[in-house]
Number of protein chains: 2
Amino acid sequence: MEKYTEMLKEKKISPSVQRLKILEYLDINRVHPTVEEIFAAIREEIPILSKMTVYNTLKLFAANGLVKSIPTSDNKGHYDYNTSPHTHFKCRQCKRVFDIDVDYDLHLKSGLEGLKVLEHNLIFEGICQDCRRDG
Amino acid sequence: MEKYTEMLKEKKISPSVQRLKILEYLDINRVHPTVEEIFAAIREEIPILSKMTVYNTLKLFAANGLVKSIPTSDNKGHYDYNTSPHTHFKCRQCKRVFDIDVDYDLHLKSGLEGLKVLEHNLIFEGICQDCRRDG
DNA sequence: ATAAAAAATGATAATAATTATAATACTGTG
DNA sequence: CACAGTATTATAATTATTATCATTTTTTAT
């Protein structure tokens, strides 16, 4: 837990119990949970927790680069502890969003002139291994 | 308008007035409009139009590959007439989503074993040229 | 250690996006 | 033209998110 406290202090964010829990949860559960999922899980331990706090905290974390908001086609907020460049795979059947360790070269050749690029996201969609077996 | 009728017939979708208008709107307005934007615009011409029809139609079109749903970080549905592989740039300031004609090589080297990939999306985020000038 | 100030949290309400439902209107075919 | 099937609409219900503000917690200065 020290680790998370440090991370927050570095960003001058006061390490409240709620914030630490949310950060820890995202670290342990690397499945790009939604606000609802995070809220439901942490509420088990902190029954007084408000969903508002989860929203606020995630927005604050994202603004400080501690977590990443990842857009998916279900149009709900998904959050990712892993902020380093990596790739996602969204299964159309079970709706899960995986990290995948795709090794790719992105050779930009042209087309970004004048734009200030802050990040890029590469998202694959399809059917995952489990769902192919089942269905 | 013939063009759109043909497109729908090919997919065995009956070419109702609403559907044709929505398809035409997306063709002319290549700015990845939201449901709300499409609805508001077409309602000027068809005041009786229901938002439900816009939702249904877009879902139907997307399922038939006539348009593409593109995920962005505002977590609203954006739709794109251009279904061929291309790249998007989302401006964090003005929130617009542009097509950009990035010329890139995506060399997948590994990491997709067992997954059935149906499509991929490459999205850049940052500040666009206009906003850099202004701000 | 403590009081004042600042910030975070939580309950509640409000707004926005989407989905569900069921009655009505439209379209195409015999 | 009537029938069957489909599309559209109005309405209500759900779900996701944001806003507000009183209460609690944390920080800071003494």
Once you round it to whole Å, what is the distance between P of C/dA8 and CG of A/Leu8? 11 Å
May I ask you to evaluate whether A/Lys76 reaches the phosphate of C/dT18, defined as a side-chain N or O under 4.0 Å from OP1 or OP2? no
Sequence neighbours excluded, which residues qualify as side chain to side chain donor-acceptor pair (under 3.5 Å) partners of A/Glu6? none
ring-ring contact (aromatic ring centres under 6.0 Å, His included): which pairs involve residues 32-80 of chain A, sequence neighbours left out? A/His32-A/His88
With the side chain counted from C-beta on, respond yes when A/Arg30 and A/Asn82 share a heavy-atom pair under 4.5 Å apart, and no when they do not. yes
When rounded to whole Å, the NZ to P distance for the pair A/Lys51 and D/dT18 reads 13 Å
Rounded interatomic separation in angstrom, taking CZ from A/Phe39 and C1' from D/dA16: 13 Å
To the side chain of B/Asn75, which of D/dT17, C/dG10, D/dT9 is closest? D/dT17
note: A/Glu36, atom CD; D/dT15, atom C1'; distance rounded to Å ~ 9 Å
N/O (side chain, B/Gln18) to phosphate O (OP1/OP2, C/dC26) under 4.0 Å: no
Whole angstroms only, please: what is the CD1-C1' distance between A/Ile42 and C/dT9? 14 Å
Can you confirm whether B/Ile13 sits close enough to B/Leu66 that some side-chain heavy atom of one is under 4.5 Å from a side-chain heavy atom of the other? yes
Identify whether the distance between the nearest side-chain nitrogen and carboxylate oxygen of B/Glu24 and B/Lys3 falls below 4.0 Å. no
Atom CG of B/Leu20 to atom P of C/dC26: distance rounded to whole Å? 16 Å
Nearest whole Å is fine: how far is C/dA17 C1' from B/Leu58 CG? 13 Å
Please tell me which of the listed nucleotides, D/dT8, C/dA11, D/dA16, lies nearest to the side chain of A/Met52? C/dA11
Check B/Arg19 against B/Ser14 and note the closest heavy-atom contact, atom names and distance. NH1-O, 3.0 Å
Between C/dT9, C/dA20, C/dT18, which nucleotide has the shortest distance from any of its atoms to the side chain of A/Thr57? C/dT9
Could you work out which one of D/dT17, C/dA11, C/dT18 sits closest to the side chain of B/Tyr55? C/dT18
Shortest side-chain distance from A/Val35, nucleotide among C/dT19, D/dT17, D/dT9: D/dT17
Counting primed atoms plus P, OP1 and OP2 as sugar-phosphate and everything else as base, spell out the protein contacts along nucleotides 23-30 of chain D at 4.0 Å heavy-atom distance: B, S or - for each nucleotide, 5' to 3'. ----S---
How close or far is atom P of D/dT8 from atom NZ of B/Lys59, stated in whole angstroms? 15 Å
Counting only side-chain heavy atoms from C-beta out, which of C/dA17, D/dT9, C/dA11 sits nearest to A/Ser50? C/dA11
B/Pro15 to B/Leu8 - nearest heavy-atom pair and separation: CA-CD1, 3.7 Å
Report the nucleotide, chosen from D/dT9, C/dG10, D/dA7, that has the shortest atom-to-atom distance to any side-chain atom of B/Thr53. D/dT9
